[in-house]
Amino acid sequence: MGLLQAELTDITSLAFDAIVNAANETLLGGGGVDGAIHRRAGAELLLACKEIGGCPTGEARITPGFRLPARYVIHTVGPIYKGGNHGEAGLLSLCYRNSLALARNHSVRSIAFPCISTGVYGYPPEKAATIAVDSVRSYLTENGKEIFETILFCCFQERDLKLYQQLLKGP
Ligand code: AR6
């Protein structure tokens with residue numbers, strides 16, 4: 001298995017060092033993957049997020065995983081897609097890069113990303129997947145491939161899995 005992988009699974013089931021949450025700027029929970037993570041982690045996660053006090057779009061914050069099988073949750077806030085001319089691509093790329101940087105600072109070796117911004121936030125899945133893979137690849141080129149053991153693109157829809165499988169085949 002390579003360093004970069006894609007799988008169709010529920011991110012809350014993964015016993016990884018870190019799973020990434022597609023949160024909103026309040027960090028106070030919501031629907032989609034955010035709701036699933038908060039439900040499984042338990043009420044302590046919400047308390048930890050309250051203490052952090054929010055997170056601007058493109059940035060990332062870390063908490064313990066509490067009742068999740070994952071040790072940490074890295075909360076990042078993807079951009080709301082407004083047509084593509086509002087800096088969305090740069091912000092989405094920052095979500096991946098800032099999450100990896102935070103993971104690295106916490107000696108995380110295995111990390112799983114959901115398809116950030118492609119649900120409620122409306123980012124076209126193909127564009128988002130390309131940005132995700134490109135951002136992770138360039139982070140690794142700049143910082144070293146040996147930092148991580150596994151970086152998983154955790155897909156929740158067959159459509160996304162197909163996109164990632166295609167992208168990961170490339171050079
Ligand atoms: N495991 C993995 N992926 C999942 C899961 C899961 N359990 N559940 C959903 N997905 P979304 P966003 C996928 O809407 O677009 C929240 O309310 C889903 O299929 O969760 O970044 C936040 O609080 C999709 O591909 O996140 C924010 O307000 C992907 O996760 C807002 O939604 C992202 O969809 C963030 O919107």
Side-chain angles (χ1 to χ4, degrees), residues 4-43 45-50 52-63 65-84 86-100 102-103 110-133 135-136 150-168:
L4 300 190
Q5 297 172 27
E7 202 182 306
L8 190 64
T9 192
D10 178 347
I11 205 165
T12 67
S13 71
L14 298 171
F16 274 41
D17 293 337
I19 61 169
V20 175
N21 182 17
N24 59 60
E25 287 190 337
T26 69
L27 296 186
L28 298 181
V33 70
D34 195 6
I37 287 174
H38 274 271
R39 271 195 302 280
R40 184 121 184 220
L45 180 60
L46 186 58
L47 290 177
C49 286
K50 274 187 182 154
I52 293 170
C55 175
T57 301
E59 294 189 18
R61 302 287 185 268
I62 195 164
T63 65
F66 299 104
R67 292 185 195 179
L68 286 160
R71 187 146 52 97
Y72 296 112
V73 179
I74 292 175
H75 308 262
T76 190
V77 183
I80 299 171
Y81 192 76
K82 296 175 187 155
H86 295 81
E88 293 97 326
L91 288 167
L92 185 59
S93 180
L94 276 177
C95 288
Y96 287 90
R97 299 178 61 87
N98 285 328
S99 296
L100 290 174
L102 195 51
S110 56
I111 180 168
F113 285 96
C115 305
I116 301 165
S117 283
T118 64
V120 175
Y121 280 1
Y123 216 106
E126 194 164 335
K127 287 194 170 82
T130 303
I131 291 166
V133 172
S135 306
V136 169
T150 307
I151 300 176
L152 178 70
F153 296 104
C154 177
C155 302
F156 207 55
Q157 298 171 68
E158 194 74 46
R159 169 201 76 190
D160 291 318
L161 180 66
K162 289 208 176 95
L163 288 173
Y164 279 95
Q165 282 173 336
Q166 197 59 40
L167 288 164
L168 295 179

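One-based numbering, in listed order, for ligands and for the atoms of each.
Around atom CD of E126, no more than 12 heavy atoms belonging to other residues, nucleotides or ligands sit under 6.0 Å away. Heavy-atom neighbours of R159 CZ from other residues, nucleotides or ligands within 6.0 Å: above the threshold of 12.
Every atom of ligand 1 with a heavy atom of D10 under 4.0 Å away is listed here by number and element: 1 (N), 6 (C), 7 (N). The atoms of ligand 1 that sit less than 4.0 Å from any heavy atom of T118 are 15 (O), 24 (C), 25 (O), 29 (C). Ligand 1 places these atoms under 4.0 Å from at least one heavy atom of D34: 22 (C), 23 (O). Counting atoms of ligand 1 from 1 in the listed order, those under 4.0 Å from a heavy atom of Q157 are 19 (O), 25 (O). Below 4.0 Å from some heavy atom of G30 lie the following atoms of ligand 1, by number and element: 17 (O), 23 (O).
Nearest approach of S13 to D10, heavy atoms of both residues: OG-O, 2.7 Å. Nearest heavy atoms, D34 versus A23: OD2-CA, 3.8 Å.
Polar contact with ligand 1: present for S117 (N/O pair, distance under 3.5 Å). Looking at A36 next to ligand 1, no N or O pair under 3.5 Å apart turns up. Distances between N or O atoms of I11 and those of ligand 1 include at least one value under 3.5 Å. For ligand 1, the polar-atom distance check against N24 finds a nitrogen or oxygen pair separated by under 3.5 Å.
Counting protein heavy atoms only, atom 3 (N) of ligand 1 is closest to F156 CB, 3.4 Å. The protein non-hydrogen atom at the shortest distance from atom 15 (O) of ligand 1 is G119 N, 2.8 Å. Annotation: atom 31 (C) of ligand 1 to nearest protein heavy atom, Y121 CE1, 3.6 Å. At the shortest separation from atom 14 (O) of ligand 1 among protein heavy atoms lies V120 N, 2.8 Å.
In this structure, the side chain of E88 engages the main chain of K82 through a donor-acceptor pair within 3.5 Å. A distance-only check finds no donor-acceptor pair linking the side chain of D17 to the backbone of I111 [under 3.5 Å]. The backbone N or O of K162 sits nowhere less than 3.5 Å from a side-chain atom of Q166 that would complete a donor-acceptor pair. Between the side chain of T9 and the backbone N or O of I11, no donor-acceptor pair lies under 3.5 Å.
Residue contacts with ligand 1 include G29, since one of its heavy atoms falls under 4.0 Å from the ligand.
Between F153 and Y164, the angle of the ring planes stays under 30°, which puts this pair in the parallel group of the 30/60° scheme.
For atom 9 (C) of ligand 1, the choice among T12, T26, V33 with the nearest heavy atom turns out to be V33. Across A22, G31, P79, C115, heavy-atom proximity to atom 26 (O) of ligand 1 is greatest for A22.
Separating the SG atom in C155 from the CD atom in E7 is a distance of 9.0 Å, to the nearest 0.5 Å.
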